[in-house]
Amino acid sequence: MKPDLHTLGPLIALIALIVLGALLNSAFLAPANITNVLARSAFIGMIAVGMTFVITAGGLDLSVGSMAAFLAGIAIIAMNAALPGLGENWGTILIGMGVAILGGIAAGFLNGALITKARIEPFIVTLGTMGIFRSLVTWLADGGTLSLDYGLRTLYRPVYYGGIGWVTWPIIAFALTAFAGEWIMRHSRFGRHVEAIGSNDRVARYSAIDVGRVRLLTYMLLGLLVGLSTVLYVPRLGSASGSTGVLWELEAIAAVIIGGTALKGGRGRVWGTVVGVLILSLIDNILNLADLVSPYLNGAIQGVIIVLAVVLQREKRTADER
Amino acid sequence: MKPDLHTLGPLIALIALIVLGALLNSAFLAPANITNVLARSAFIGMIAVGMTFVITAGGLDLSVGSMAAFLAGIAIIAMNAALPGLGENWGTILIGMGVAILGGIAAGFLNGALITKARIEPFIVTLGTMGIFRSLVTWLADGGTLSLDYGLRTLYRPVYYGGIGWVTWPIIAFALTAFAGEWIMRHSRFGRHVEAIGSNDRVARYSAIDVGRVRLLTYMLLGLLVGLSTVLYVPRLGSASGSTGVLWELEAIAAVIIGGTALKGGRGRVWGTVVGVLILSLIDNILNLADLVSPYLNGAIQGVIIVLAVVLQREKRTADER
Amino acid sequence: QDAEKKIIGVSIPSATHGFMGGLNWHAQDSIERLGETYPQLEFVLSTAGDAASQVSDIEDMMATRNIDALVVLPFESEPLTAPVAAVKDAGKFVTVVDRGLSQDGIEDLYVAGDNTAFGRVAGEYFSENLEPGSKVVVLRGIPTTLDNERVEAFQAALEGSEIEILDMEHGNWNRDDAFTVMQDFLSKYPEIDAVWAADDDMAIGVLEAISAAGRSEEMWVIGGAGMKQIVERIMNNDPQLPVNVTYPPALISSAIEMTALNFVSNAPMAGRYIIGSQLITPENAEQFYYPDSPF
Amino acid sequence: MTVLALHGVSKSFGPIEVLHDVDLALDPGQVHALIGENGAGKSTIMKILGGFLDPTEGQILLDGKPVRFSSGPEAEAQGIVVIHQEFNLAADLSVAANVFLGREPGGLRLDHKAMRRDTAALLARLDTRISPDTLIRDLSVPDRQMVEIAKALSRNARVLIMDEPSAVLTHREVGTLYDQIDRLRADGVAILYCSHRLDEVAHLADRITVLRDGRVVRQAMRGEMTEDDMAAAMVGRELQDFYPPKGRPSPDPALDLQGLSVPGRVHDVSLTLHRGEVLGIAGLVGSGRTELAEGIVGLRSATGEIRVNGQKVAIRNLRDAFDSGLAYLTEDRKEAGLLLDKGLTQNLTLADLPRFGLWRLDQRAETEALAHATQEFDIRAPDPAMIAGKLSGGNQQKLLLAKTMLPDPQIIIIDEPTRGIDVGTKQQIYAFIRRLADEGRSLIVISSEMAEVIGLADRVLVMREGRIAGEVTGKDMTEDKIVRLAMGVSGEAA
Ligand SMILES: Nc1ncnc2c1ncn2[C@@H]1O[C@H](COP(=O)(O)OP(=O)(O)OP(=O)(O)O)[C@@H](O)[C@H]1O
Ligand SMILES: Nc1ncnc2c1ncn2[C@@H]1O[C@H](COP(=O)(O)OP(=O)(O)OP(=O)(O)O)[C@@H](O)[C@H]1O
Ligand SMILES: [Mg+2]
Ligand SMILES: [Mg+2]
């Protein structure tokens, strides 16, 4: 893990934001707030780590937010359905988790197969499945909300809120995902091939890399991570609806790019993505800390900070390449 | 204008949709319905033509929907403000049009300058400005709706609803934009430069093309077209709010890609974009005209059709290129 | 520094459509007013785009702003129930607005409109004022529980009246979407006698589509929530807009005010306040006209 | 005993047949050279042997048995390794990652240390100073080629197919390449070698096959053909007076540089180019020749004074340079020269579009310009509507030359003019360059081919480490003198 301008830039932005937060409100650095921010970054965070692989291999996935909503929906339906038979216990919850994770892998497979086998642009495939997943969850919920049985939710709740002291499970899961993601990107054959494909897929093909398979795997990995983040998301809210996970895809992609991974592929930076995710959550948190002119302007301030965060990492092209 | 697989594919999809629509409902081919669909397509259509240039040059613009809302907002404010002085006449309306168009060019300049001068990824810049424009219009409208003075609206209304017989002004404007866009892309130096930059910007630079300037101009052209489509949008409902133009950016980008322009740049097909826009509007129209299982599933059907439309145009790799 | 200072957190959905815009405006308006009147009160307002960020907002208010009371309009009932219960368990005063939580007895104060009544009142007007055999179309909102409640109540009120609902589509409480849907309804059905648009923003789009098709004489339109432009037209006896059904965005003001009163007066506030949906008619329209509100 | 052979192979792209009934055999421990004009079909043969293309007719025989490879990697699994004419490296990856791409050592965790070590060893064998951790995108063209060679060497090939490996290399590197080829030959590897440098063919080849218009016209063993025979067989006529006679430049300065520096690359270069002169610039790889040229034409920011025809000019970008009558032909054809996925006309006219119409581009005039260029520069395109990437390598170079000459510049800087050009065409290009000079234009020719600089230039400047190390003229223009200046070795020849 050699730091370079692309990871240092966002890191500086992150530190600047932390300093700003601490100046605005002394409670900002309180453990409770830090736990909150980190735990809620976990969903987008895990998804963004998966997205880093997809983007590095030259792909894109717009469907992740809808996919999360859909997976949360079917997991809840599965748990509610298993409840009468199995009762209010971890067995039922494990079924729900299994449905979310396997469903995620299957959804990722669907995206990946359409992209690699039917050879359709990732943008179009995932725009299509984005609509499909979102519609399906709305339809399953009959336009309303799918809710987990109250007893089950009470049992399941500690998966989001519990943990080891201040370090709750989502934080642990996010950290593990980030470490694993970084390791895979840097030290595994898969990661190497992902970068090679994103950099030049003809070269990869000439090097006996099964380009289609690796691409497919990136989407499945992303699906798996969407499934895992759903496993953490369901106990937080205990429900899913047509408005769950709206715009998560944009946030995840933004985090990846803020982190220094190029949108055109070839260069994956998992640590950068983690920093990008934290920057995005901190912006929200800080906006809540400060009393601003008008809440209508939140989006504008957010926009300005996102752009500023990236100014710091923009490629300092040498004078040669002007 | 030589037809190739990339423009023929979507054209076949379009024809299939028209046949489907005609079979589902006899009202589909009625002139009134055709006028409706074409006129509604005009906003996204004109924006998508501009987007074709941006994407062909290797860029992207996520801010267009918000930009349209913002431009509509300031145009309405300007007209309402000019009303007491100038009175209820075309002068006042021309001021509004001017504000929308100049505002569009300025907004495009802002995006383009941040991308080319500050060298930030287009995705990030326009994600940022998307938030900024959207926030600003919500703030200007105080969270509600900005409405054009009733009298002015009545005067201005024919710009959307009037025209030459069935062919209303938006349809005419869209057609002219499409012809001009196709002409510029195919026959002008600018179009040639845009394709060259998207194909390989280093080669463009070594051919004495001012890459930054041309890129900047694509964003300004897009801004201008967003402004023009705002000029047509305002008389339709006479209002603008924070929910105006939501997701237009995705629709415009999808239309461009469905039309056969590559997301990675280098190959621009304005006619394809027009076909893409029509496909997207027809899907909506057909879904409304047909009686479907559940309106909740509209999004799913839309998704499936978008993917299918593109299957037809997917690149047939020759055996040589394995 | 000031031990007596009380902090009231207000968490509402962001202004994504006209009604919420009005609600946002009323919330800011009453916070400003109350802040001036009662210097010992401080308000924290946050707006959220979805349920998850609303939960985050509430967590932030608890963790960093140390609020004494929470006024919340839940984005959705289910997901907000547990987090709001946690606020209550921490000993804070809780006011729930409009959308009830999925567990009873959490909140101290409940101020709400009545979605069932909103649909029913409209439905009753339809069944009383349309001939049997009349045909209507319906534009629904964004798919949500409250939209379901409204539409179900509307359908229930039409039962037995022999009025036919030709079609229902989601107009998403959005003018442009409603315009598109209505244009297509007009192409599809040669005969439509009335439209229920379930929200005034949609009603605006619907009216425009009808007038563009030159069929204004054929049908009237009932919207809902009392947008000022619509109320104005009712006052002027517009034949196309005979009545409207209230669902006042100002209910957030009542909620905030009552919560404030809990701290500044000696009378502890508690209970449920349901603001019923009323029919706005040309006769009473003046009462419902707020020219300053953006909605 | 033949390892790999073609038997009666023909190949068509669409309706156009580019190979006709070719027979070719590669034996272990032999270097088989394949020579022919640009577009004769050499690369196509190599791609067929390497499994990257299917023959339309005929057979590939491996150890005497007919085989069909469905892909390059499949052929590579049989020990057939290709160094392509186009670079085959992932630019975002490091040198070591590229060398081991697709066959990374290590278990679950990649063995970075082994990859770095083995890569460093390979590169040391090739006597280069490239670090295994450098990203390919940061390497110069010759360095990339060395990485390609290292990559091929690491593959333990039975058959090694090299498509113009030396075209982008300089003198010194070519020497190490020969050493490696000798070593492989001794190890019993069968080598197919394609080159336009006939001297090296004479030096290396055990057997020579000459290809003309997709047909084998002659096969010979070592020593049976002189360089002139080869050239004659390729071109189908005798080549005389390979280099044109030197010119008589006028004393007027056309281009005058005073203290030109490109930060970090070129230091304080002053030179004068006279009207009608061909000035050669020689030097080792990395001596800063390209940077100097790019500094002059505004592609890199440079300090110092530039005078054109005695007038001081400010050149901030390439457009300014064009306006002052300068033109530059890049050495990096694939990345900076041509749009490989665009048509020939679009490439030809890209840098000079205003000529074809202020508003509407006159496509008929463009087509005419292409027809004219095709003739003047002898561009052999089977189909004028094809994309540039499908032209043979040498014909791409000719197209690039045509593109550079289109604006009719007065001062032309050509970086590696004959990379991948066949002898016949080389002669045409030399004559063309000389004609330009005789017409009163002035040219700077940067070349790593010593013979070319000496044969073509009126005067040669030698660069070393970003500075002008010296100048040679007249009888002093010898390979030995130039190499000494380039390497910084003082004194007379040993
Ligand atoms: N994919 C392709 N499609 C169409 N024509 C092609 C394709 N590839 C090569 N050709 C044509 O086949 C002919 C032989 O090309 P090839 O690359 O084998 O030539 P070459 O002998 O290697 O020439 P050079 O010395 O210039 O590299 C050329 O006319 C070329 O334009
Ligand atoms: N983008 C770059 N980043 C880092 N180093 C570079 C870059 N471009 C070139 N170099 C290095 O700069 C030095 C000069 O390279 P360059 O190829 O321009 O020299 P040259 O004298 O023109 O040689 P040649 O004729 O072989 O190209 C080389 O060491 C090269 O590796
Ligand atoms: Mg070749
Ligand atoms: Mg060079």
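Every chain is numbered from 1 and lettered A, B, ... according to where its sequence line falls, protein lines coming before strand lines.
- For A:Leu237 against C:Val55, the heavy-atom pair with the smallest separation is CD2-CG2, 3.2 Å.
- Closest approach of C:Ala63 and A:Ala27 over heavy atoms only: O-CB, 3.9 Å.
- Counting only N and O atoms by type, the side chains of C:Glu76 and A:Ser241 include a donor and acceptor under 3.5 Å apart.
- Using a 4.5 Å heavy-atom cut-off against chain C, no residue of residues 65-73 of chain A qualifies as contacting.
- Within residues 31-39 of chain A, the residues having any heavy atom closer than 4.5 Å to a heavy atom of chain C are A:Ala32, A:Asn33, A:Asn36, listed by residue number.
- Evaluation of the side chain to side chain donor-acceptor pair (under 3.5 Å) rule for A:Asn89 yields A:Thr92 as partners, not counting sequence neighbours.
- Using a 4.5 Å cut-off between heavy atoms, A:Phe43 does not touch chain C at all.
- Looking at C:Arg65 and A:Asn25, their side chains come closer than 4.5 Å, going by heavy atoms from C-beta outward.
- To the nearest 0.5 angstrom, C:Thr64 atom OG1 is 11.5 Å from A:Leu29 atom CG.
- Contacts of C:Glu59 with chain A are made by both backbone and side-chain atoms, with heavy-atom separations under 4.5 Å.
- Ranking C:Ser53, C:Ala82, C:Ala52 against chain A, the residue ahead of the rest is C:Ala52, based on heavy-atom pairs under 4.5 Å.
- One distance of note links CG of C:Asp50 with CG of A:Leu247; it measures 8.0 Å at 0.5 Å rounding.
- Side-chain atoms of A:Arg236 and C:Ser56 form a donor-acceptor pair, as typed in the model, at a separation below 3.5 Å.
- A donor and an acceptor atom, one from each side chain of C:Glu78 and A:Ser239, are nowhere located under 3.5 Å apart.
- For C:Asn24, the parts sitting under 4.5 Å from any heavy atom of chain A are the backbone and the side chain alike.
- Using a 4.5 Å cut-off between heavy atoms, C:Ser14 makes no contact with chain A at all.
- With a 6.0 Å radius and a threshold of 12 heavy atoms from other residues, nucleotides or ligands, A:Tyr150 has its OH atom at or below the threshold.
- Residues satisfying the side chain to side chain donor-acceptor pair (under 3.5 Å) criterion with A:Asp284, sequence neighbours excluded, are A:Gln302.
- Both the backbone and the side chain of A:Thr145 have a heavy atom closer than 4.5 Å to some heavy atom of chain C.
- C:Asn148 touches chain A through its side chain: at least one heavy atom from C-beta onward sits under 4.5 Å away, while N, CA, C and O do not.
- Around atom CG of C:Asp104, no more than 12 heavy atoms belonging to other residues, nucleotides or ligands sit under 6.0 Å away.
- Contact annotation for C:Asp60: both backbone and side-chain heavy atoms come within less than 4.5 Å of a heavy atom of chain A.
- A donor and an acceptor atom, one from each side chain of C:Gln28 and A:Tyr296, are located under 3.5 Å apart.
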